[in-house]
2 protein chains.
Amino acid sequence: MSLPHAILTALLERPSSGLELTRRFDRSIGYFWSATHQQIYRELGKLETDGLIRALPAEQPTRGQKKNYEVLPAGRAELARWTAASQDPKPHRDPLLLRLRAAAVVGTAGLEADLRRHLELHERQLAEYQEIEQRDFPPGRDGTEDRLRHLVLRAGIDLETFWTQWLRRALADFAELPDGESTRPA
Amino acid sequence: MSLPHAILTALLERPSSGLELTRRFDRSIGYFWSATHQQIYRELGKLETDGLIRALPAEQPTRGQKKNYEVLPAGRAELARWTAASQDPKPHRDPLLLRLRAAAVVGTAGLEADLRRHLELHERQLAEYQEIEQRDFPPGRDGTEDRLRHLVLRAGIDLETFWTQWLRRALADFAELPDGESTRPA
DNA sequence: ACGGTTTATGCAACTAGTTGCACAAGGTGA
DNA sequence: TCACCTTGTGCAACTAGTTGCATAAACCGT
């Protein structure tokens, strides 16, 4: 149940409208907590009725009904509570690893191309993170907030590094396999 | 939509009853695709009505109604199709990274203890994987199935290695932070 | 001034996964 | 032998997230 807290965090960083939030979830926040605009609008509604956020009065009252939300004290308190509360790590679910395991019994046909595609996607993501690191975290700055945000970015970088390396190893292994068809033909 | 395929894979490796499957999902398969017994029973029912698996006739007809399932040709075909089909990687969702980002605005109070706990959990998991590697994948063996399964295990090992290292770095960073309370008091 | 695109907000239905409980059979100890 | 525990199976309700559509205003070219 993290979506409301992701939204509270985003709104504390900067009050935003639903659409702005959606955009921010496509970038920075979405790197470790993705959400669609429908989820966001629904959750904004809930958070508002729960009294954790409120819509800022618009400057132009009627023109395009964009609403900017800000976090209320109760919302900040709830976020602090949630952040400090102990949480168990959820078990992973990775379809790609599952497919590899399935390939061990039904054959590897077709899988290699997709591994290659995933490798490309992860390489692109890694490059993007590294750009952000160079742009936003030049050596020297070390406020507490920067430190924490940099730490989160490092997790992203290291994870993508893991995936690119693992996928390269997998592809190298595939190349040595006796044959791309089926290990146990039906 | 991977649960049915996880079950098909497991049943191809060895025909099992619902409870046996549940146990296997707690160990090897569950390392990258977890499922509860309720999910498994429900899915077994679906797979049977869809004609992808069937219950093996029991030796003792009435005694305790345990049912062993095996995969039918249609099931194997479906699994092969799914394994070969291209799939986009799903966006991650990681509450721990989210909490770190939240901590950048509401303060790090309470988080450190949970980071330590997570570190311990990941260390334990890593040790477990390494044991399995030593036990099941001694140097030398290299059938196709072994190679693929070893690859999957390596992913688990490398991921846990990443987490332990990252968490250690995070804790080291926390130790240097000006103060554990709040970076921006409300 | 009209038709098409973009921006912004939102509902409803669906899918996947989780939680909580129910029930029956068989074994175990007092 | 009866209360209790464990094993095995399963339903129902709930929560979280996704997909597909609906609506309306603003902007933009012709």
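A, B, ... follow the sequence lines: proteins, then strands. Residue 1 opens every chain.
Put simply, CG on A/Leu119 and CH2 on A/Trp166 are 11.0 Å apart, with the number rounded to the nearest 0.5 Å.
Closest to the A/Leu3 side chain, of the nucleotides C/dT18, D/dT19, D/dG17, is D/dG17. Comparing C/dT9, D/dT18, D/dT9 against the side chain of A/Gln39 picks out D/dT18 as the nearest. Comparing atom distances between the B/Leu19 side chain and each of D/dT7, C/dG10, C/dT18 picks out D/dT7 as nearest.
The backbone N or O of B/Ala10 sits less than 3.5 Å from a side-chain atom of B/Arg24, completing a donor-acceptor pair. The closest donor-acceptor contact from the side chain of A/Thr22 to the backbone of A/Glu20 lies at 3.5 Å or more, if one exists at all.
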Assess the residue pair A/Phe137 and A/His150 against the criterion (ring-ring contact (aromatic ring centres under 6.0 Å, His included)); give the C-alpha distance rounded to whole Å, side-chain angles, the decisive distance to 0.1 Å, and a yes or no. CA-CA 7 Å; A/Phe137 301 97; A/His150 195 181; 4.7 Å; yes
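C/dC11 atom C1' lies 15 Å from atom CG of A/Leu44, rounded to whole Å. Straight-line distance from the CD1 atom of B/Ile7 to the C1' atom of C/dG17: 13 Å, rounded to whole Å. At whole-Å resolution of the value, CG in B/Asp88 and P in D/dG17 are 20 Å apart. Here the P atom of nucleotide C/dA16 and the NE2 atom of B/His5 are 11 Å apart, to the nearest Å. Residue B/Glu20 contributes atom CD, which lies 9 Å from atom P of D/dG8 at whole-angstrom precision. Distance CZ (B/Phe25) to C1' (C/dG17): 13 Å, rounded to an integer number of Å. In this structure, A/Tyr41 places its OH atom 12 Å from C1' of D/dT23, rounding to the nearest Å. Rounded to an integer number of Å, the gap from NE2 of A/His37 to C1' of D/dT18 is 11 Å.
Of the two residues near DNA chain C, A/Tyr69 and B/Ser34, the one whose nearest nucleotide lies more 5' is A/Tyr69. Nearest-nucleotide positions on DNA chain D for B/Lys90 and A/Lys46 put A/Lys46 closer to the 5' end. Nearest-nucleotide mapping onto DNA chain D: of B/Arg23 and B/Gln38, the residue sitting toward the 5' end is B/Arg23.
At a cut-off of 3.5 Å, with distance as the only test, a side-chain donor of B/Asp114 or A/Ser86 sits close to an acceptor on the other residue.
In this structure, A/Arg93 reaches the C/dT18 phosphate: one of its side-chain N or O atoms is under 4.0 Å from OP1 or OP2.
In the interface, the side chain of B/Arg42 is paired with the base of C/dT18 through a donor and an acceptor atom under 3.5 Å apart.
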